[in-house]
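For reference, the structure is listed below as C-alpha cells.
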Amino acid sequence: MKRIIIAIDGFSSCGKSTLAKGLAKSLHYAYLDSGAMYRAVTLYFIDNQVDYNDPAAVEDALHHIQIHFERIDGQNRTFLNDRDVEHDIREMRVSDHVSPVSAISAVRRAMVSQQQAMGARRGIVADGRDIGTVVFPDAELKIFLVADVDVRTSRRHLELAAKGIDAEWDDIKKNIEERDRIDSSRADSPLRKADDAVVIDNTLLSEEQQLEKALALAREKIER
Ligand code: DC
C-alpha cells in the first residue's frame, strides 16, 4: 500500500490536531505535532530565562534542545530533553510567547529539519502552519482548516478545562486572535494556504464528519 504525507495547516485552535490524530489512527500513520515543538522551545526559553530577542542566546540555547515524541497509553507525549512536557507546553504562559518565538528564523530552521527527518519514510500526518508550504511541499494531500473564531475559542476553552488548565474565555480569544495575526504576518514562513491545498471549514462539522471528509480525500490519494 502506498504511504503518503498528509499536511494539515490552519489558524490556531481550528481542530488541526484532532483531525491529524484521527487520520493517523485510521491509517496507522505517525502523527507529527509541529506546534508542540515550537511550544517546547518556548518552554525551554521561559524556564531558562533565554532572552529570545538576543540572537546569540537563541543560537546557543538551540544546541541544548532535543525534542522527541512518544506514544504512551495511546497518547502522544512531547519530550523536551527527555522530560515529558506534554502538559506544561499547553499552559497560557507558553501560548503567550510561542508566536514570537516561532517567528525566529533560527528556531524555524532547527525545527523544520527535525520535522523533515521524521517524515522521510512517509506514512505521516503533520499539522502546523507551514507544513504544506515549507516542511513538506511535496505532500500528496494538503488540507487547510478554517473555523469561526468564537467556535475556536469555545473549543480551546473546553480542551484546556479538560486538561485542568484554568483560563478565561476572553483571554483565550485574545490569544487566538493575536497568534493568528503574528503567525500569518511574520516574514519567515507565514501561515498561508498552499496553492494545492483543499480548504475544509469545520465551523458546522462534527469531529466525525470532518474526519470522514479528510479520510475520503486521503484514500483517493493512496489508491491513485
Ligand atoms: O498548533 P499550536 O497552536 O500548538 O502552535 C503553537 C504555535 O506554534 C503557533 O501559534 C505558531 C507556531 N507554529 C508555527 O509557527 N509553525 C508550525 N508549523 C506550527 C506551529
Side-chain angles (χ1 to χ4, degrees), residues 5-21 24 31-46 52 58 62 65 67 69 75-78 80 85-119 124-137 139 142-147 149 151-153 155-160 163 165 167 171-194 197 202:
I5 292 182
I6 303 177
I8 303 176
D9 289 301
F11 293 99
S12 296
S13 302
C14 264
K16 298 184 297 292
S17 69
T18 303
L19 177 60
K21 283 178 202 163
Y31 166 50
L32 166 53
D33 178 355
S34 69
M37 299 175 74
Y38 293 99
R39 287 174 177 275
V41 171
T42 304
L43 179 66
Y44 183 93
F45 287 1
I46 295 171
Y52 57 76
V58 167
L62 285 170
I65 297 177
I67 298 166
F69 297 103
Q75 284 200 325
N76 293 282
R77 315 283 312 178
T78 307
L80 168 63
V85 292
E86 186 58 39
H87 179 271
D88 295 8
I89 59 171
R90 311 291 164 190
E91 290 179 345
M92 288 300 279
R93 67 189 178 108
V94 173
S95 299
D96 283 341
H97 292 279
V98 67
S99 277
V101 167
S102 63
I104 301 168
S105 291
V107 171
R108 302 206 70 80
R109 266 199 308 277
M111 295 305 111
V112 168
S113 73
Q114 288 191 31
Q115 291 156 12
Q116 289 172 335
M118 292 180 201
I124 194 167
V125 186
D127 73 349
R129 305 293 188 290
D130 61 343
I131 305 299
T133 51
V134 175
V135 182
F136 300 123
K142 299 179 186 176
I143 294 174
F144 194 81
L145 271 188
V146 295
V149 70
V151 170
R152 292 194 276 146
T153 305
R155 287 178 186 158
R156 180 66 108 190
H157 193 238
L158 278 175
E159 189 183 296
L160 290 175
K163 286 180 176 157
I165 298 174
D171 291 342
I172 297 173
K173 182 172 176 180
K174 255 188 246 144
N175 174 264
I176 288 177
E177 287 176 330
E178 181 63 1
R179 287 201 286 139
D180 284 356
R181 192 184 62 72
I182 302 178
D183 296 347
S184 49
S185 63
R186 68 184 175 215
D188 190 340
S189 319
L191 167 66
R192 65 169 185 82
K193 184 185 100 56
N202 67 21

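Both ligands and their constituent atoms are indexed starting at 1 by order of listing.
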May I ask you to list the atoms of ligand 1 that are less than 4.0 angstrom from any heavy atom of [X]?
X      : answer
Asp183 : 9 (C), 10 (O), 11 (C)
Ser102 : 11 (C), 12 (C), 15 (O)
Arg39  : 2 (P), 3 (O), 4 (O), 6 (C)
Asp130 : 16 (N), 17 (C), 18 (N)
Ser99  : 10 (O)
Arg156 : 3 (O)

Would you tell me whether Ser102 and Arg39 have side-chain atoms, one donor and one acceptor, within less than 3.5 Å of each other? no

Do Ser34 and Arg129 have side-chain atoms, one donor and one acceptor, less than 3.5 Å apart? no

Heavy-atom check, side chain of [X] versus side chain of [Y], under 4.5 Å:
X      : Y     : value
Phe45  : His97 : no
Leu32  : Met37 : yes
Leu191 : Phe11 : yes

Give a yes/no on ligand 1: does Arg108 have at least one heavy atom closer than 4.0 angstrom to it? yes

Out of curiosity, is Arg186 lining ligand 1, as in a heavy atom under 4.0 Å away? yes

Are Arg186 and Asp130 within salt-bridge range, i.e. N to O under 4.0 Å? no

Note: Lys174-Glu177 ion pair, threshold 4.0 Å (strictly below): no

Tell me: protein heavy atom nearest atom 9 (C) of ligand 1, and distance? Arg129 NH2, 3.2 Å

Just need the protein heavy atom nearest to atom 3 (O) of ligand 1, so name the residue and atom and give the distance. Arg179 NH1, 2.8 Å

Heteroatom distance test (Tyr38, ligand 1): nitrogen or oxygen, under 3.5 angstrom: no

Over all heavy atoms of both residues, which pair between Ser12 and Asp180 is shortest? Give the atoms and the distance, please. N-OD1, 3.5 Å

For atom 19 (C) of ligand 1, tell me which residue out of Ser34, Cys14, Ala126 has the closest non-hydrogen atom. Ser34

